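These notes concern the structure reproduced below.
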Amino acid sequence: MKALKLLSVLTLLIVGGCSTVTPWGNYEHNLFKYYESPETTTQFKQETESHLKECERSNIKPAPGLYAEVGTLCLKQANYECAIEFYQKEKLNWPESEVFMDKLIRSTKRVSEK
């Protein structure tokens with residue numbers, strides 16, 4: 001009986017340890033690199049987008065602000081449709097951000113119309 005319990009616990013630890021997708025991913029490390037070397041903006045954006053896609057595939061809710069971060073990076077590149085898309089995803093995943101995301105979306109639409 002003890003052997004069965006031990007085997008069960010070990011199995012859970014191994015399976016749990018294999019899960020590599022977390023809400024934050026490598027965001028902190030990538031953000032530090034980006035702040036240290038702003039020329040890595042494209043790489044930072046791609047890595048964050050990749051993490052978000054992995055979260056979506058794994059049905060894991062990403063950390064708050066990650067969609068908005070990519071939206072802001074799109075906005076800096078004057079890719080307004082992309083920015084709005086990511087702001088909407090942030091709003092859908094984190095309803096408490098709705099007021100702020102709606103303001104960003106309206107502002108982005110105004111800028112894109114000019």
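Please read all numbers here as calculations on a predicted model, not as lab measurements. Hydrogens, waters and symmetry mates play no part in the numbers below; they use all other heavy atoms, side chains included.
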Q) Which residues pass the salt bridge (Lys or Arg N to Asp or Glu O under 4.0 Å) test with Lys89, sequence neighbours left out? A) Glu56, Glu85

Q: Would you kindly confirm whether Val70 and Ile84 end up in one hydrophobic cluster when ILVMFWY residues are joined by side chain heavy atoms under 4.5 Å apart?
A: no

Q: Group every Ile, Leu, Val, Met, Phe, Trp and Tyr by side-chain heavy-atom contacts under 4.5 Å, then state whether Tyr35 and Leu66 land in the same group.
A: yes

Q: Check salt bridge (Lys or Arg N to Asp or Glu O under 4.0 Å) between Glu49 and all other residues, then give those that pass, not counting sequence neighbours.
A: Lys45

Q: Output all residues satisfying side chain to side chain contact (heavy atoms under 4.5 Å, CB included) with Leu92, sequence neighbours left out; order by chain, then residue number.
A: none

Q) If Ile, Leu, Val, Met, Phe, Trp and Tyr residues are connected whenever their side-chain heavy atoms lie under 4.5 Å apart, and connections chain through other members, are Ile105 and Trp94 in the same group? A) no

Q: Could I get the full list of side chain to side chain donor-acceptor pair (under 3.5 Å) partners for Ser58, not counting sequence neighbours?
A: Glu54

**Q.** Flag if over 12 foreign heavy atoms under 6.0 Å of CD, Glu96
**A.** yes

Q.
Can you pull out every disulfide (SG to SG under 2.5 Å) where at least one residue sits in residues 85-114? Sequence neighbours excluded, please.
A. none

Q) Taking only residues at least two apart or on different chains, which pairs with a member in residues 30-41 satisfy salt bridge (charged side-chain N to carboxylate O under 4.0 Å, His left out)? A) none

Q. Among pairs that include at least one residue of residues 32-68, which meet disulfide (SG to SG under 2.5 Å), considering only residues two or more places apart or in two chains?
A. none

Q: Check whether any side-chain heavy atom of Ser37 lies under 4.5 Å from a side-chain heavy atom of Phe32, and answer yes or no.
A: no

List, one per line, each side-chain donor-acceptor pair under 3.5 Å for residues 106-114, sequence neighbours excluded.
unit_1	atom_1	unit_2	atom_2	d
Thr108	OG1	Leu104	O	2.7
Ser112	OG	Thr108	O	3.4
Ser112	OG	Lys109	O	2.8

Q.
Going by side chain to side chain contact (heavy atoms under 4.5 Å, CB included), name the residues that satisfy it together with Gln46, two or more places apart in sequence or in a different chain.
A. Thr42

**Q.** Which atom of Pro23 lies closest to which atom of His51, heavy atoms considered
**A.** O-NE2, 3.0 Å

Could you give the side-chain donor-acceptor pairs of residues 72-83 under 3.5 Å, partners two or more places apart or in another chain?
unit_1	atom_1	unit_2	atom_2	d
Thr72	OG1	Ala68	O	3.0
Thr72	OG1	Tyr87	OH	3.1
Asn79	OD1	Cys82	N	3.3

Q. Is it the case that one hydrophobic cluster holds both Ile60 and Leu52, taking links as side-chain heavy atoms less than 4.5 Å apart, direct or via other members?
A. no

Q. Taking only residues two or more places apart in sequence or in another chain, which ones pass side chain to side chain donor-acceptor pair (under 3.5 Å) with Glu47?
A. Asn30, Gln43

Q. What class does the angle between the rings of Phe86 and Tyr67 fall in, given that below 30° is parallel, 30 to 60° is tilted and above 60° is perpendicular?
A. tilted

(Q) Can you confirm whether Asp102 sits close enough to Lys91 that some side-chain heavy atom of one is under 4.5 Å from a side-chain heavy atom of the other? (A) yes

